[in-house]
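Naming: A, B, ... by sequence-line order, numbering from 1 per chain.
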Protein chains: 2
Amino acid sequence: MSAVPGAARASGPATARDAAAPAESHSKADRAYQSLLEGIQQGRFAPGSRLVLSQLADELGMSVVPVREAIRRLQHDDLVSYERNVGATVVGIDPVEYQYTMETLALVEGFSTAQCAPLVTAEELQRAREINARMRALLDDFDPVEFTALNKEFHATLFEHHQNPHILDLVHRGWNRLTALRSSTFAHVPGRAPESVAEHDQLLDLIAAGAPFQEIEAAARQHRANTLAAYMDTMAPAGQH
Amino acid sequence: MSAVPGAARASGPATARDAAAPAESHSKADRAYQSLLEGIQQGRFAPGSRLVLSQLADELGMSVVPVREAIRRLQHDDLVSYERNVGATVVGIDPVEYQYTMETLALVEGFSTAQCAPLVTAEELQRAREINARMRALLDDFDPVEFTALNKEFHATLFEHHQNPHILDLVHRGWNRLTALRSSTFAHVPGRAPESVAEHDQLLDLIAAGAPFQEIEAAARQHRANTLAAYMDTMAPAGQH
DNA sequence: CTGCTCCAGATCGTATACGATCCAGTGCCT
DNA sequence: AGGCACTGGATCGTATACGATCTGGAGCAG
């Protein structure tokens with residue numbers, strides 16, 4: 001877990017996290033990484049498209065060496081797949097990989113949320129409720145992109161209180177990966193949105209009531225598992241996109 | 001999760017995993033990575049010691065470029081800490097980092113063990129029992145190194161059945177990190193060994209009985225949490241070293 | 001027409017060279 | 001004597017150059 005920016009350890013340059021990082025990084029490799037990361041998350045590099053070193057080096061106005069390093073970081077973030085002597089390609093929305101990512105995220109986010117629960121302040125709880133209210137308001141005139149953004153913000157409020165930086169980093173990576181996989185579940189399974197909002201409220205109630213660790217973890221994990229299940233149900237029988 | 005060697009995905013060269021990997025890797029960067037990884041795990045590079053690019057390049061008979069890449073991989077495995085324009089140093093046995101690593105491992109290994117439980121064959125269960133028997137035999141004439149090796153083998157038997165390669169990779173990384181942190185808990189807290197063996201048996205019983213997912217996960221997680229707690233108890237009041 | 005071989009282009013992998021940055025120790029000034 | 005500017009060495013960061021490897025297609029044999 002290379003770095004959670006705000007957190008300790010004299011480790012290296014900012015890995016992943018929030019796409020729109022300040023990037024005070026005075027290193028070309030860092031800039032290349034940030035730039036490519038944003039490019040992938042914003043869909044400027046379509047899934048499956050190749051990332052050619054020399055070409056990117058030209059665009060970014062630098063040599064291939066920093067670009068190469070940036071791509072290897074993206075590889076370890078599982079955002080690109082790499083083949084020796086051939087090159088890198090942006091990962092696509094493989095349903096199997098999606099499942100793996102969601103499972104992993106369910107695990108680490110659930111734990112993280114449960115561990116942070118006692119640390120969440122009253123204001124933050126209030127903020128989370130407001131975000132969820134906005135999500136509910138969006139249900140009528142549904143906009144997957146906006147909804148997904150709010151969803152991310154909602155959960156971030158609940159797990160962002162550090163604790164174990166390793167786990168926090170894993171959560172960030174999972175989210176990054178989902179973001180890169182294109183606009184998330186809700187674009188494919190809009191019917192899941194109302195349940196999701198309802199589960200959010202239940203989760204907040206548990207936290208507010210000071211529920212025990214296991215209960216919160218189970219709820220948070222189940223919440224994500226439900227989203228995954230909804231997606232799988234749509235994909236499996238229907239056939240394809 | 002760059003690669004779980006046997007598993008799918010055209011991803012890159014072997015990251016971490018089993019220290020003694022075959023290393024068919026025809027890439028200098030890969031060889032450098034393997035070499036450094038072993039060096040760290042075997043303690044040839046002491047914690048805190050610096051890893052100088054040019055120096056390592058000479059020893060390995062290659063240029064600095066592949067060495068640099070190898071070190072960045074080690075950095076992302078959290079085995080070295082890196083500072084820009086200064087260099088890399090092997091991570092030491094910081095109790096806080098140890099705690100983080102154990103917590104994370106408790107999480108992912110617990111889940112992995114629970115998910116693999118239904119897939120474990122009768123022979124594997126038998127093998128695990130034999131390993132644990134050898135561990136029990138070792139209790140009288142205690143040897144931390146041997147004990148730790150068996151411990152790793154024991155758990156590996158239980159979680160090695162893939163499932164979600166991402167999570168499996170996280171488990172491997174956790175173990176690698178512990179290995180690098182020098183000969184594990186049992187050297188510091190030998191008193192923990194008997195309990196550990198007993199808990200192993202309980203865990204095997206649960207798996208053999210086909211216990212529900214949550215029960216197995218809780219047991220496996222608790223098993224590791226207990227080890228961590230034993231370590232923390234020894235460290236906290238005692239003071240140092 | 002089919003299948004193989006060979007070749008050329010594209011792309012990566014590594015070596016080498018040079019500039020940038022950091023750290024420690026020296027000497028001067030107060 | 002104490003503190004600050006300077007300088008030298010060590011080390012990393014990046015650019016450039018060249019060799020290695022892969023991919024796809026043209027051409028030839030069957």
Please figure out whether B:Val65 or B:Leu53 has its closest DNA chain D nucleotide nearer the 5' end. B:Leu53
Could you check whether B:Leu51 gets within reach of a base, just the sugar-phosphate, or nothing at all, counting any heavy atom under 4.0 Å? sugar-phosphate
Which nucleotide of DNA chain C is the first, and which the last, in the 5' to 3' direction, to come under 4.0 Å of a heavy atom belonging to chain A? C:dT11 to C:dG13
Got a sec, which residues hit side-chain hydrogen bond (donor to acceptor under 3.5 Å, both in side chains) with A:Thr227, two or more places apart in sequence or on another chain? A:Arg192
How close or far is atom P of D:dA10 from atom CD of B:Gln55, stated in whole angstroms? 12 Å
Please identify each residue that fulfils side-chain hydrogen bond (donor to acceptor under 3.5 Å, both in side chains) with A:Gln99, with sequence neighbours left out. A:Glu103
B:Asn85 atom CG is separated from D:dA10 atom C1', nearest whole Å, by 12 Å
Going by side-chain hydrogen bond (donor to acceptor under 3.5 Å, both in side chains), name the residues that satisfy it together with B:Thr89, two or more places apart in sequence or in a different chain. B:Ser81
Results of side-chain hydrogen bond (donor to acceptor under 3.5 Å, both in side chains) for A:Arg68 - residues two or more places apart only: B:Glu69
Is A:Arg73 paired with A:Asp77 through a side-chain N to carboxylate O contact shorter than 4.0 Å? no
Ring pair (Phe, Tyr, Trp, His ring centres under 6.0 Å) partners for A:His161, two or more places apart: none
